[in-house]
Amino acid sequence: MRFLWAFSILSLVTLTSYSADTNTIKVLIIDGQNNHKWQETTPLMKKLLEDTHRFRVEVATSPPKGKPEEMAKFRPPLAQYDVVLSNYNGEPWSPELNNDLDSLLKDGKIGLVIVHAANNAFSHWNEYNRMIGMGWRSNKGGERLYLDDQGQPVKVAAGQGDGSGHRYVGPFTVTIRDPKHPITQGMPKEWLHVRDELYDNMRGPIENVTLLATAYSRGTKAHEPMIWTVRYGKGRVFHTPMGHDANAMRCWGFAATLARGTEWAATGTVTLPLPENFPTADKPSPIPVETK
Ligand code: ZN
């Protein structure tokens, strides 16, 4: 059970101050269709979150592809949760479910968390594109944002340059660009992430986006957005394109980023400390695979 260890020990201090009913953040993970192994990553994200003792996580699994009648009835009760975490990349949802997410988020009733391929979904849903800020799109799918070597933001117009890709795959350095934001506060300026797809050329309307971290891609020779938030009406969105598979998620940097981002999306604040074994600029910190 070494897997649990770092978060569990650190959480002991705060554990007593949380009453299970009033202060536990209720998370709904939506999955069911994805070109990634959601059957592996959903249970892992649930565990990474619940091991902090800050969250209670439930899962809503959509019907599989090609079941339009069942899909039309897929409408998990989003209003019963504090935050929705999308691990979904598949067929469109019903207009009712789209509207639930849009209106609840806009009114600040729920938060939204977007991980990796969830940002590939729903390219024709305009509100979704605004919620996520940027996603995996062709170069016509909106503007691109990157930072130059001086750390200055550069925008590329829609239709110019490349569409989204992962032109580098491997371990990479995450560079914190906003050290004062509750999600990234206290993180080392640079930390080494384990092997993952480094998404590049994310495209979108990029409205109300706060860029918290980037990663330099050897594929694009640019500093690509890696952690950001979006203000959507009164709602908060936390977005990271990290997390291609379970191995990429077994990183204390990813785990802490996910937990803090989810807490922030739900509440607007972060109480979770960084794990002691958070990665450094030179040393990655993989989470061992749990052995039974
Ligand atoms: Zn991927």
Side-chain angles (χ1 to χ4, degrees), residues 29-49 59 61-62 64-65 84-92 112-125 128-129 131-139 141-142 144-146 162-174 191-204 211-220 222-228 230 237-259 261-262 279 284 286-287 289:
I29 299 181
I30 301 183
D31 65 11
Q33 294 186 26
N34 203 318
N35 58 332
H36 291 66
K37 293 179 179 170
W38 58 270
Q39 296 94 334
E40 293 177 15
T41 54
T42 289
L44 179 56
M45 285 193 283
K46 178 172 157 64
K47 180 169 172 49
L48 293 175
L49 291 173
V59 180
T61 299
S62 79
K65 273 185 186 173
V84 169
L85 190 168
S86 179
N87 193 22
Y88 183 91
N89 176 24
E91 293 171 342
L112 177 65
V113 173
I114 299 293
V115 176
H116 195 66
N119 79 23
N120 298 200
F122 308 137
S123 59
H124 298 294
W125 179 9
Y128 188 76
N129 286 323
M131 289 174 208
I132 69 173
M134 304 167 252
W136 181 290
R137 307 288 184 239
S138 77
N139 79 346
R144 173 196 181 196
L145 171 68
Y146 68 91
D162 291 326
S164 303
H166 43 74
R167 293 170 174 88
Y168 171 79
V169 179
F172 57 81
T173 297
V174 175
W191 55 270
L192 195 51
H193 182 38
V194 301
R195 179 188 169 85
D196 202 343
E197 289 176 348
L198 197 168
Y199 271 17
D200 60 62
N201 284 278
M202 297 282 97
R203 295 278 181 165
L211 184 60
L212 305 187
T214 59
Y216 180 78
S217 168
R218 287 182 221 168
T220 61
H223 300 267
E224 303 285 348
M226 209 41 55
I227 305 173
W228 64 92
V230 185
V237 182
F238 162 74
H239 187 158
T240 180
M242 290 185 279
H244 167 69
D245 59 9
N247 284 329
M249 291 183 181
R250 286 194 194 96
C251 160
W252 282 114
F254 176 86
T257 302
L258 178 72
T262 305
I287 301 173
V289 178

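Atoms within each ligand, like the ligands themselves, are counted from 1 in listed order.
- Among the atoms of His166, no N, O or S atom is found under 2.8 Å from the Zn ion (ligand 1).
- The name of the N, O or S atom in His116 nearest to the Zn ion (ligand 1) is NE2.
- When each of Trp38, Tyr128, Phe122 is checked for a ring-ring contact (aromatic ring centres under 6.0 Å, His included) with Tyr88, only Phe122 meets the rule.
- Annotation: side chain of Phe254 is in contact with side chain of His193 (closest heavy-atom distance under 4.5 Å).
- Counting all heavy atoms, side chain and backbone alike, Cys251 lies closest to Val194 at CB-CG2, 3.7 Å.
- If you put the vertex on the Zn ion (ligand 1), OE1 of Glu197 and ND1 of His244 sit 100° apart, to the nearest 10°.
- By the side-chain hydrogen bond (donor to acceptor under 3.5 Å, both in side chains) test, His223 is found to be paired with Asp149, Arg177, residues two or more places apart in sequence or in another chain being considered.
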